[in-house]
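To keep things clear, I will list the structure first and then write my remarks on it.
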Number of protein chains: 2
Amino acid sequence: MPADHVHEIMQKCYAVRLRRLHRALTSLYDEAFRPYGLRVGQLNLLVGIACHDSVRPADLARALNMDKSTLSRDLEILNAKGWVLSLPGEDARSQHLHVTDSGLKLIETITPVWRMAQEKAAELMGEEGTRAIFTAADRL
Amino acid sequence: MPADHVHEIMQKCYAVRLRRLHRALTSLYDEAFRPYGLRVGQLNLLVGIACHDSVRPADLARALNMDKSTLSRDLEILNAKGWVLSLPGEDARSQHLHVTDSGLKLIETITPVWRMAQEKAAELMGEEGTRAIFTAADRL
DNA sequence: TACATAATGTTGTATATACAACCAATTTAC
DNA sequence: GTAAATTGGTTGTATATACAACATTATGTA
């Protein structure tokens with residue numbers, strides 16, 4: 001009975017739920033950030049880099065569960081926008097990533113906007129939902 | 001102090017966590033489905049369509065929090081693979097979507113693989129995490 | 001030391017995602 | 001009953017995502 005399988009998957013699949021949540025939250029933050037030409041995924045990378053004085057792309061990709069090729073292309077954009085600077089590292093293969101002054105200023109500007117988006121997101125997902133996102137993600 | 005903002009965002013942002021979770025889970029399911037030429041997002045659509053005898057793209061997109069243009073392009077692929085059939089509806093604008101026999105057979109084949117992926121996902125996110133995904137997503 | 005192996009980053013290809021702009025058709029308003 | 005607004009779907013453009021293959025550079029081993 002394929003119909004049984006269909007309903008089982010539809011109702012129980014974690015990926016189905018997570019994808020919907022991901023689309024909804026990304027929309028919410030992106031919409032708030034739009035006037036600043038920034039997307040939430042880009043802010044994600046920006047703060048990921050800014051957390052350290054200097055990060056190598058390979059390490060950042062590992063920390064974010066992201067493929068190195070994805071990061072490579074995301075960084076192209078952040079470089080082009082002038083928010084991130086890629087400098088050669090000691091190791092002739094690797095690089096060092098830095099957030100520029102312009103990037104830091106953007107983070108400062110966006111923070112209150114981000115806080116409002118956070119509130120909307122919390123309202124959307126509920127108290128329990130928000131806590132849960134954390135507990136689930138922390139296990140990675 | 002931009003550094004304070006950086007850490008605040010890094011530690012508290014729901015979108016940051018959710019994006020990591022999304023990447024991790026998508027990888028997990030996609031890897032399991034790879035031998036079948038199917039991705040978890042495609043299974044998502046397939047069961048979404050199969051749930052009803054006939055759905056219109058606009059309604060499906062709404063139900064999944066998905067833009068109509070995204071769905072339009074996803075459906076192109078499912079049509080090309082022969083898993084979905086798009087037929088004209090009564091309304092001269094809209095369409096009716098149907099899962100083909102080939103698509104139903106694929107769902108049947110993939111179900112045990114999906115169940116194993118579900119178990120791995122549950123292990124990854126923990127008891128609380130899985131419950132949370134549901135409570136958060138159900139509020140949309 | 002030379003050769004195999006691993007690590008780093010980029011590029012080709014495919015899919016997923018959304019916004020804006022558009023065309024066609026339908027519904028609403030006046 | 002026609003004009004305006006809405007709805008449904010596609011297309012142009014940009015970003016996000018990953019796998020496979022590749023070139024370059026370390027690292028390890030024989």
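Below, chain A is the first sequence line, B the second, and so on; all start at residue 1.
Distances shown here put every side-chain N or O of B/R73 at or beyond 4.0 Å from the OP1 or OP2 atom of C/dA16. Applying the 4.0 Å criterion to OP1 and OP2 of D/dT24, one finds that A/R93 has every side-chain N and O outside that range. Remark: B/R62 is in phosphate contact with D/dG8, judged by side-chain N or O atoms under 4.0 Å from OP1 or OP2. Dashed line: the shortest gap from a side-chain N or O of A/S72 to OP1 or OP2 of C/dG9 is not under 4.0 Å. Contact annotation: A/T70 does not reach the phosphate of D/dA16 (side-chain N/O to OP1 or OP2, under 4.0 Å). Note on B/R19: a side-chain N or O is less than 4.0 Å away from OP1 or OP2 of D/dT17. Contact check, B/R34 against D/dC19: a side-chain N or O comes under 4.0 Å of OP1 or OP2.
A/D59 comes within contact range of no nucleotide atom at all, as no heavy-atom separation falls under 4.0 Å. Using a 4.0 Å heavy-atom cutoff across all strands shown, B/N44 reaches no nucleic acid atom at all. B/L71 comes within contact range of no nucleotide atom at all, as no heavy-atom separation falls under 4.0 Å. Among the atoms of the strands shown, none is found under 4.0 Å from any heavy atom of B/D30.
Summarising the geometry, the separation between CD1 on A/I77 and P on D/dT17 is reported as 10 Å, rounded to the nearest angstrom. Going from atom CG of A/L78 over to atom P of D/dA16 covers 7 Å, rounded to whole Å. The CG atom of B/N79 sits 13 Å away from the P atom of D/dG9 (whole-angstrom rounding). The distance from atom CG of A/L43 to atom C1' of D/dA16 is 15 Å, rounded to the nearest whole Å. What separates CG of A/L25 from P of D/dA16 is a distance of 16 Å, to the nearest Å. Taking atom CG of residue A/L38 and atom C1' of nucleotide D/dA16, one finds them 14 Å apart after rounding to whole Å. Taking atom NZ of A/K68 as the reference point, atom P of D/dA18 lies 13 Å away to the nearest angstrom. In this structure, the CG atom of B/L75 is 12 Å from the C1' atom of D/dT10, given to the nearest Å.
Counting only heavy atoms from C-beta on, B/E76 has its side chain closest to D/dT11 among D/dG9, D/dT11, D/dA18. Comparing D/dG9, D/dA16, C/dA16 by their nearest atom to the side chain of A/Q42 picks out D/dA16. For B/S69, the side-chain atoms get nearest to C/dA18 when compared with the rest of C/dT26, C/dA18, C/dT15. When the nucleotides D/dA18, C/dT15, D/dA26 are ranked by their closest atom to the side chain of B/R39, C/dT15 comes out on top.
Residues A/R56 and B/A92 each lie close to DNA chain C; by heavy-atom proximity, the contact nearer the 5' end of the strand is made by A/R56. Positionally, the nearest nucleotide of DNA chain C for A/D67 lies more toward the 5' end than for the other of A/D67 and A/H22.
A/T109 places a side-chain N or O within 3.5 Å of a backbone atom of A/K105 that can act as its donor or acceptor partner. For the pair B/S94 (side chain) and B/E90 (backbone), a donor-acceptor distance under 3.5 Å is absent.
Donor-acceptor pairing under 3.5 Å is lacking for the side chains of B/R23 and A/N65.
Of the options B/D30, B/L28, B/L25, B/I110, a side chain to side chain contact (heavy atoms under 4.5 Å, CB included) to B/V40 is made by B/D30 and by none of the others.
Under the 30°/60° scheme for interplanar angles, the aromatic rings of B/H22 and A/H22 are found to lie parallel.
Taking A/H96 as the reference, nothing meets the ring pair (Phe, Tyr, Trp, His ring centres under 6.0 Å) condition, with sequence neighbours excluded.
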